[in-house]
Amino acid sequence: MKRIFYLTIVLLAAVTTSATAQETTIFPKGEIAKNTDNYTGRIWLSILSHADNIFNFNVDVATYAPGSKLDWHIHPAGQVLLITEGSGYYQEKGKPIQIIHKGDVIKCSPGVEHWHASAPKSSFAYLAVTPTQKGKTIWGKRVTDAEYNSINPPAENSTNEEEEIKNLSKQKWDWMADKNVDSLNVLFDEKSMFVHMGGSWGKTRELDVIKSGGIWYKKAEVYSVTVNMFGNTAILLNDIDLEAVVGGNTVTNPFMVTEVYIKENGKWKMGSLTFSRLMRPVKVKQ
C-alpha cells in the first residue's frame, strides 16, 4: 500500500510540473503561516493529506517567495521533497549547499539537521512527504545571512560565467554599502589583498575597516563593467563613481576598480580589489 501511495505522489508531482509550465498549479497555494516563527520571508503552505491510521505521513505543498527560507530543522523520520517550481537551496549540517531546481527529488534523512530556501531571485515550490511515526519536526536556529549567501548562485536565466561574476560584483557593492561583513567574509579569500589610495592591506583589516566605518562604501554608481576570463580566474573592471565616508567626511571620486576572482571547489572567491583614481570628472550629482 505504501509503495502504491508513493508512486501516486510521484505521478502527482509530474502533473504539477506540467501545470506549472502553463502558469497554473494543480494544488491550492494555501496560506502564509501567521502563528509560527520558523521561517523568514513569505512561505505559503497547503496541507493536502494528514497522516492517519493507514497512511503514516503528511503530504503538503509549500510555495516560497524569492529569498525566503526555513530555519534549521530535523525530521525524526525523514522527508522527501519533490521540487515542482523554480530554484532553491538545500543544505545538511556539515555539508555544502546544493542548488536544486524544478524536477529534482531531495531525500532528507531521518534525524539530520538541514534547511531549505528559495533562491534570491526565484520563486520555489515543492511537494513534501513527511512520515510522522517518530514525532513532529524539531526546529532549530535561524539560517543566517552568511549561511544563505555562502553560495554564489549562477546569474538568473544564464550559465555564462561572465554574467555570474558581474552579478556577484554588484552584490558585493551592496554588501559593502550595508557593512555586511558576514557575507564579505565568505566572499573574500583568506589571502586577498585590497589596494586603496591610502595604502594596501589584507582581508582581516579590510573587514575591520568596513565594520568600524573607517571607510563606508556608501554608494557605487557603476557605469561600465568588463570581464576577462582566464581558466578559473576572472578579472573584472568597474568604471564607477564612489561615494564614501572616510574619517567622518563624505567624498565622491571616479575610480577604475579592478577585481580578481578565483573559482575553487565550484565557488568564486575574491583575490584582490584595487581602486585606481581616474582623471575624468565625477558624473554623479553631488
Side-chain angles (χ1 to χ4, degrees), residues 40 66-67 69 87-91 94-99 115 117-122 142-156 158-196 199-222 225-240 242 244 255-276:
T40 55
K69 50 189 179 292
S87 298
Y89 301 158
Y90 172 77
Q91 183 180 29
K95 294 184 179 180
I97 297 176
Q98 301 178 48
I99 300 178
W115 61 271
S118 55
K121 296 182 179 181
S122 176
R142 280 270 193 264
V143 175
T144 66
D145 288 341
E147 289 170 327
Y148 181 78
N149 292 315
S150 64
I151 186 169
N152 300 329
E156 189 175 21
S158 176
T159 58
N160 187 290
E161 287 190 322
E162 292 185 11
E163 292 302 318
E164 184 179 352
I165 286 295
K166 289 179 181 179
N167 183 64
L168 180 59
S169 176
K170 181 179 182 299
Q171 192 171 45
K172 173 263 305 167
W173 289 121
D174 292 338
W175 290 338
M176 294 174 88
D178 296 337
K179 301 180 183 179
N180 187 345
V181 293
D182 288 336
S183 296
L184 292 171
N185 182 51
V186 174
L187 175 65
F188 297 163
D189 187 83
E190 292 303 316
K191 297 180 180 179
S192 56
M193 294 298 299
F194 301 84
V195 181
H196 299 268
S200 61
W201 47 75
K203 172 181 177 176
T204 300
R205 184 175 176 186
E206 181 72 6
L207 292 174
D208 288 343
V209 166
I210 294 171
K211 185 176 182 179
S212 67
I215 301 177
W216 177 20
Y217 302 91
K218 191 173 181 180
K219 182 181 180 182
E221 189 72 31
V222 181
V225 181
T226 59
V227 179
N228 291 302
M229 306 295 299
F230 303 91
N232 67 338
T233 302
I235 299 177
L236 181 146
L237 300 176
N238 285 293
D239 182 355
I240 72 169
L242 178 64
F255 286 109
M256 181 62 70
V257 179
T258 304
E259 302 173 43
V260 178
Y261 294 90
I262 303 165
K263 198 167 193 177
E264 296 179 347
N265 300 320
K267 295 183 180 180
W268 290 104
K269 290 283 189 177
M270 177 178 282
S272 71
L273 181 69
T274 301
F275 291 87
S276 303

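Note: hydrogens, waters and symmetry copies are ignored here, and every other heavy atom, side chains too, is used. All residue numbers in this chain count up from 1 along the given sequence.
- Between the CD1 atom of I99 and the OG atom of S87 there is a distance of 8.0 Å, given to the nearest 0.5 Å.
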Please tabulate, one pair per line, all N/O donor-acceptor pairs under 3.5 Å involving side-chain atoms of residues 177-184, not counting sequence neighbours.
| residue | atom | partner | partner atom | Å |
| --- | --- | --- | --- | --- |
| N180 | OD1 | S183 | N | 3.2 |
| N180 | OD1 | S183 | OG | 3.4 |
| N180 | ND2 | S183 | OG | 3.2 |
| S183 | OG | N149 | ND2 | 3.2 |

Q) Going through the checks in order, is the side chain to side chain contact (heavy atoms under 4.5 Å, CB included) test met by Y261 and K172? A) CA-CA 12 Å; Y261 294 90; K172 173 263 305 167; 3.9 Å; yes
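- Side chains of K121 and N167 form a contact here, defined as non-hydrogen atoms less than 4.5 Å apart.
- With sequence neighbours excluded, no residue satisfies side-chain hydrogen bond (donor to acceptor under 3.5 Å, both in side chains) with T233.
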Q: Go through the steps for V257 and W173 under the test side chain to side chain contact (heavy atoms under 4.5 Å, CB included), then give the verdict.
A: CA-CA 11 Å; V257 179; W173 289 121; 4.1 Å; yes
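- Within the model, atoms CG of D208 and CD1 of I215 stand 12.0 Å from one another, a figure rounded to the nearest 0.5 Å.
- Evaluation of the side-chain contact (heavy atoms from CB on, under 4.5 Å) rule for T144 yields A146, E147 as partners, not counting sequence neighbours.
- Ring-plane geometry between F275 and H196 is classed as parallel, the angle between the planes falling under 30 degrees on a 0 to 90 degree scale with a further cut at 60.
- Closest heavy-atom contact between R142 and T40: NE-CG2, 3.5 Å.
- Applying the salt bridge (charged side-chain N to carboxylate O under 4.0 Å, His left out) criterion to E264, with sequence neighbours excluded, gives no partner residue.
- Counting heavy atoms from C-beta on, the side chains of S169 and V225 never come closer than 4.5 Å.
- Here the side chains of I210 and M176 are in contact, with some heavy-atom distance below 4.5 Å.
- The shortest heavy-atom contact between G67 and Y148 is CA-OH, 3.4 Å.
- Across P66 and P120, no two heavy atoms sit closer than the pair CB-O, 3.3 Å.
- For the atom pair F255 CZ and L242 CG, the distance stands at 6.0 Å (nearest 0.5 Å).
- At a threshold of 4.5 Å between non-hydrogen side-chain atoms, the residues V222 and K170 do not count as touching.
- By the side-chain hydrogen bond (donor to acceptor under 3.5 Å, both in side chains) test, W115 is found to be paired with Q91, residues two or more places apart in sequence or in another chain being considered.
- Between F194 and K203 the shortest heavy-atom distance is CE1-CA, 3.8 Å.
- Within the model, atoms OG1 of T226 and CG of L237 stand 4.0 Å from one another, a figure rounded to the nearest 0.5 Å.
- Separation of atoms NZ (K267) and CG (L187) is listed at 11.5 Å; rounding is to 0.5 Å.
- Looking at residues two or more places apart in sequence or on another chain, you find a side-chain contact (heavy atoms from CB on, under 4.5 Å) between S200 and V195.
- Taken from OG1 in T274 to CD in E259, the straight-line distance is 9.5 Å, to the nearest 0.5 Å.
- Annotation: side chain of K269 is not in contact with side chain of K191 (no heavy-atom distance under 4.5 Å).
- The pair E163-K166 meets the salt-bridge criterion, since a charged nitrogen lies less than 4.0 angstrom from a carboxylate oxygen.
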